[in-house]
Amino acid sequence: MSNRSEAEVVCSVRLAIGGDRDALESVVVHIQTDVYNLAVRMLWCPDDAADATQEILMKVVTRLASFRGDSAFRTWVYRIAANHLLDVRRSRVERERLTFSSFGESLRNGASDPPAGWESDPEQRLLLEEVKIGCTTAMLLCLTRDERIAYILGDVFEFSSDEAAAVLSVSAAAFRQRLSRARAALRAFMAAECGLVADAAPCRCRRRVRAAVATGRARADRPLFMLREPSAARELPVISGVDEMDELHRIAGIFRSHPTYQAPGALLDAVRGALASGRYSIVL
C-alpha cells in the first residue's frame with residue numbers, strides 16, 4: 001500500500017463514510033495496487049486478477065462503515081481480499097487443475113534450445129522473463145488455495161505470523177502449519193525441477209521459451225507480466241544475492257523478485273462508475 005500513515009488513511013476512511021468522494025477515491029488508490037498484486041499471485045492471469053480486484057474494491061467501499069479500527073486498516077482490507085480470493089470462481093489457469101506432478105511432466109516435455117544469439121535479442125530476453133515469471137507463478141497454483149495464500153502472505157509479502165493469521169481469521173499456529181506445508185511442497189518441487197534453485201535440476205527457462213510461445217503462454221507483442229524491456233544481462237534480481245542463503249530463503253526470494261504490478265487505471269474508473277450508478281452505498 002502507499003506510504004500514507006495509518007492515521008492518515010483512517011482519517012480518509014472517516015471522511016469517506018461521511019460522504020467525501022475525494023477521500024473515498026484516495027482510499028481506493030491507497031489499496032488497489034496491493035490488492036491487485038495479491039490477486040495476480042493467487043489467480044495467475046492478470047485479466048482475472050483485475051476482475052477480482054474490482055470486486056474486492058467494491059466490497060471494501062461498500063463495507064467501509066463497518067471498519068471499527070479494531071485492527072489496522074491494511075489487515076482489514078487484506079481480510080476482505082483473502083476471503084474473496086479463497087471463494088472466487090476458478091481462474092482460467094486454475095481450471096487446468098495443476099498439480100506438481102502434472103506441472104513437472106509438462107516442464108520436461110517440449111524443452112528445446114533457444115535460437116542462436118538469443119542473449120542479445122530484446123524480444124527473446126522479454127520472452128525469457130515472461131517464462132520465468134509465468135512459470136514460477138504457475139507453481140503457486142499447484143498449492144491448495146489455503147496453502148497458496150499462506151505462502152504469499154508469509155514468504156512473499158512477509159507478513160508476520162500474527163498479522164497473516166488475523167487476515168485469514170485463523171490462529172497463528174494454524175497459519176504456520178499452512179505456511180510450512182506450502183514451503184515443503186515448493187521446496188521439494190523446485191529442488192527437483194527448477195534450475196533457478198538447483199543446478200542439477202533439469203528445467204532451464206531459456207529452453208521453455210519456444211514451447212511457451214507455441215502454446216500462447218508467452219507473447220512478445222502482448223506480455224502478461226513484464227512491465228518493461230529487460231536489460232541484456234538481467235536475471236531475476238534476487239538470484240545473485242542469495243547464493244549464501246538456505247534453499248527456503250532462495251525460493252522465497254525468487255517469488256519476491258516478481259514485478260510489482262500497477263493496478264490497471266480502469267479500476268478506479270469502474271469504482272467511480274459503480275458508485276455513480278446509485279446501486280451502491282458506503283453507509284450501513
Side-chain angles (χ1 to χ4, degrees), residues 1-18 20 23-43 49-88 140 143-183 252 255-256 258-263 267-268 271 275 280-284:
M1 296 187 182
S2 67
N3 293 326
R4 297 175 66 192
S5 70
E6 175 75 4
E8 290 173 326
V9 175
V10 170
C11 180
S12 292
V13 169
R14 300 305 178 206
L15 290 171
I17 293 170
D20 187 324
L24 180 60
E25 288 194 9
S26 77
V27 172
V28 172
V29 170
H30 175 66
I31 65 175
Q32 64 180 357
T33 291
D34 286 319
V35 171
Y36 180 64
N37 276 266
L38 177 62
V40 169
R41 287 161 175 82
M42 283 293 292
L43 303 176
D51 290 342
T53 299
Q54 181 177 330
E55 293 164 359
I56 291 165
L57 291 177
M58 289 309 304
K59 285 185 176 181
V60 169
V61 165
T62 56
R63 298 177 187 178
L64 270 185
S66 69
F67 175 67
R68 307 301 183 197
D70 298 329
S71 63
F73 185 68
R74 173 173 106 142
T75 302
W76 185 80
V77 169
Y78 271 110
R79 185 180 299 127
I80 293 173
N83 287 337
H84 182 87
L85 291 166
L86 288 170
D87 292 334
V88 72
L140 295 176
L143 299 167
T144 68
R145 280 185 170 181
D146 282 343
E147 292 168 350
R148 192 186 318 157
I149 201 163
Y151 186 80
I152 295 166
L153 293 176
D155 275 13
V156 182
F157 290 179
E158 299 184 281
F159 281 35
S160 70
S161 292
D162 288 341
E163 185 177 13
V167 167
L168 298 176
S169 300
V170 298
S171 69
F175 167 75
R176 288 191 292 268
Q177 288 174 354
R178 292 180 190 179
L179 177 58
S180 178
R181 289 196 300 269
R183 283 173 171 170
F255 288 101
R256 285 197 295 271
H258 289 192
T260 297
Y261 306 105
Q262 293 302 308
L267 286 174
L268 182 57
V271 173
L275 292 173
Y280 298 95
S281 171
I282 64 172
V283 179
L284 297 183

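- Side-chain contact between Leu85 and Arg145 is absent, with no heavy atoms from C-beta onward closer than 4.5 Å.
- Taking every heavy atom of both residues into account, Leu179 and Ala150 meet most closely at CD1-O, 3.7 Å.
- Judged as a ring-ring contact (aromatic ring centres under 6.0 Å, His included), and not counting sequence neighbours, the contacts of Tyr151 are Phe255.
- Remark: side-chain polar atoms of Arg148 are paired, donor with acceptor, to backbone N or O of Met42 under 3.5 angstrom.
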Legend entry - side chain to side chain contact (heavy atoms under 4.5 Å, CB included) assessment of Phe157 paired with Ile152: CA-CA 6 Å; Phe157 290 179; Ile152 295 166; 4.0 Å; yes
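- Between Asp162 and Phe175, every side-chain heavy-atom pair lies at or beyond the 4.5 Å cut-off.
- The shortest heavy-atom contact between Arg256 and Asp155 is NH1-O, 2.6 Å.
- Here the shortest heavy-atom pairing between Leu64 and Ala16 reads CD1-CB, 4.0 Å.
- For Glu147, the side-chain contact (heavy atoms from CB on, under 4.5 Å) partners two or more places apart in sequence, or in a different chain, are Leu143, Thr144, Arg181, Ala182.
- Applying the side-chain hydrogen bond (donor to acceptor under 3.5 Å, both in side chains) rule to Arg41 yields the partners Asn37; only residues at least two apart in sequence or on another chain are considered.
- With sequence neighbours left out, the ring-ring contact (aromatic ring centres under 6.0 Å, His included) criterion links Tyr78 to Phe159.
- Counting heavy atoms from C-beta on, the side chains of Val170 and Arg178 come closer than 4.5 Å.
- Leu43 is listed as a side-chain neighbour of Val88, based on a closest heavy-atom distance under 4.5 Å.
- Ser180 contributes no side-chain N or O that, together with a main-chain N or O of Arg176, makes up a donor-acceptor pair within less than 3.5 Å.
- By the side-chain contact (heavy atoms from CB on, under 4.5 Å) test, Thr75 pairs with Ser71, Ala72, Arg79, Glu163, Ala166, Val167, sequence neighbours left out.
- In this structure, the side-chain contact (heavy atoms from CB on, under 4.5 Å) partners of Val10, at least two apart in sequence or on a different chain, are Glu6, Arg14, Phe67.
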